[in-house]
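Heavy-atom basis, side chains included; hydrogens, waters and symmetry copies ignored. Please read these numbers as outputs of a predicted model, since none were measured by experiment.
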Amino acid sequence: MQTCGVTQLPGHARTFTCLQAPLLPLSGRPPAWSCCRRSHQRQPQYARVCQATASASPPPPPDRAPSPPKQQMLIYVPPHPLIQHWLAIARNEATPPPIFRAAIAELGRLLVYELGRDWLPTMQRQVYSPVGLADATFVDPTQPIKVVPILRAGLVLVEQIATVLPAQMTYHVGFVRNEETLQATSYLNKLPKSFTAEDHILVADPMLATGGTMVSVLEDIVSRGGDPSNIIVVCVVAAPPALKKLSEKFVGLKIYAACIDAEINDKGYILPGLGDAGDRAYGTL
């Protein structure tokens, strides 16, 4: 079974790095993937439960900030109270479709805000304020983020991100999953003919359960020239099967999630998860 290492970045969310290592049990502790089930102090609990197993090297000196391990998939779970709040609203089975949809959209906006901290390309200019000249930093409009929502639930996740992504281009892909085989089939593909290795690409899907759909989308993006180290996946809830599959196939990929749940059931649904995010968002239950 796969586990994760923990890296604390200054001023950033805790980083969970997928490693090909056995789970190290802790006496009296829950499994490493189950920590998001707790309602209090989720992130501190996560840091205590997860074991860093990839390296026995000593910690960096106090005057040098730790950096994330290279050549691995990184998973960020931002410990923000608003993310935890909207996740709780989305989880609640009593939440009606309009509120559920608003919760998913707000989670998307908050997660994209978090990921943009060190990822958005910027440019330096000067502007005149009413009383003088000032140095200014802008998000570079010549390098728009390539946003790829996976229909249909992925559309909801990116509804509000225009407020935190001043420059973006959107390419839609649509997949439907066979409920018996759990295999995903494409019915829409609006990706460009090619990407460059420098393109910053954001792929959005609320649920990472088995990982089949996401693997198909990422393989298509990479085949068109995209570099996994410049791709970020945004989801609400992720599960170990998808994380393991993605970490094996896409070196350098980054994932931002509101939570990592412990398991999936025989129907491919994350437990406890959110249920069917598309049906709940569009009221088609």
Tyr187 OH: over 12 foreign heavy atoms closer than 6.0 Å
yes
Side chain Thr137, main chain Gln124, donor-acceptor under 3.5 Å:
no
Please tell me whether Thr284 and Asp279 have a donor and an acceptor in their side chains that are separated by less than 3.5 angstrom.
yes
Any Val173 side-chain heavy atom under 4.5 Å of Leu188 side chain:
no
Can you list every ring-ring contact (aromatic ring centres under 6.0 Å, His included) pair that touches residues 190-227, not counting sequence neighbours?
Trp119-His200
Taken in chain and number order and not counting sequence neighbours, the residues that satisfy salt bridge (charged side-chain N to carboxylate O under 4.0 Å, His left out) with Asp276 are none
Taking atom CE of Met123 as the centre, does the number of heavy atoms from other residues, nucleotides or ligands within less than 6.0 Å exceed 12?
yes
When you check the gap from the basic side-chain N to the acidic O, do Asp118 and Lys254 get nearer than 4.0 Å?
no
Ion pair present between Lys245 and Glu248, side-chain N to carboxylate O less than 4.0 angstrom?
no
Less than 4.5 Å apart, any side-chain heavy atom of Pro149 and any of Leu157?
no
Pair Lys249 + Glu219, salt bridge at N-O below 4.0 Å
yes
The reported gap from CD1 in Ile83 to CG in Leu87 (rounded to nearest 0.5 angstrom) is 9.0 Å
State whether Glu93 and Arg280 are salt-bridged, where the test is any N-O pair (Lys NZ or Arg NE/NH1/NH2 against Asp/Glu carboxylate O) under 4.0 Å.
no
Are side-chain heavy atoms of Ile255 and Leu74 found at a separation under 4.5 Å?
no
Side chain Arg125, main chain Asp135, donor-acceptor under 3.5 Å:
no
Report the residue from Gln143, Lys146, Arg224 that forms a side chain to side chain donor-acceptor pair (under 3.5 Å) with Asp199.
Lys146
Quick one, Val251 and Met73 - any side-chain contact, counting heavy atoms below 4.5 Å?
no
Please check if the side chain of Asn230 supplies one atom and the backbone of Ile201 the other of a donor-acceptor pair under 3.5 Å.
no
When you measure from the side chain of Asp261 to the backbone N and O of Glu263, does any donor-acceptor pair fall under 3.5 Å?
no
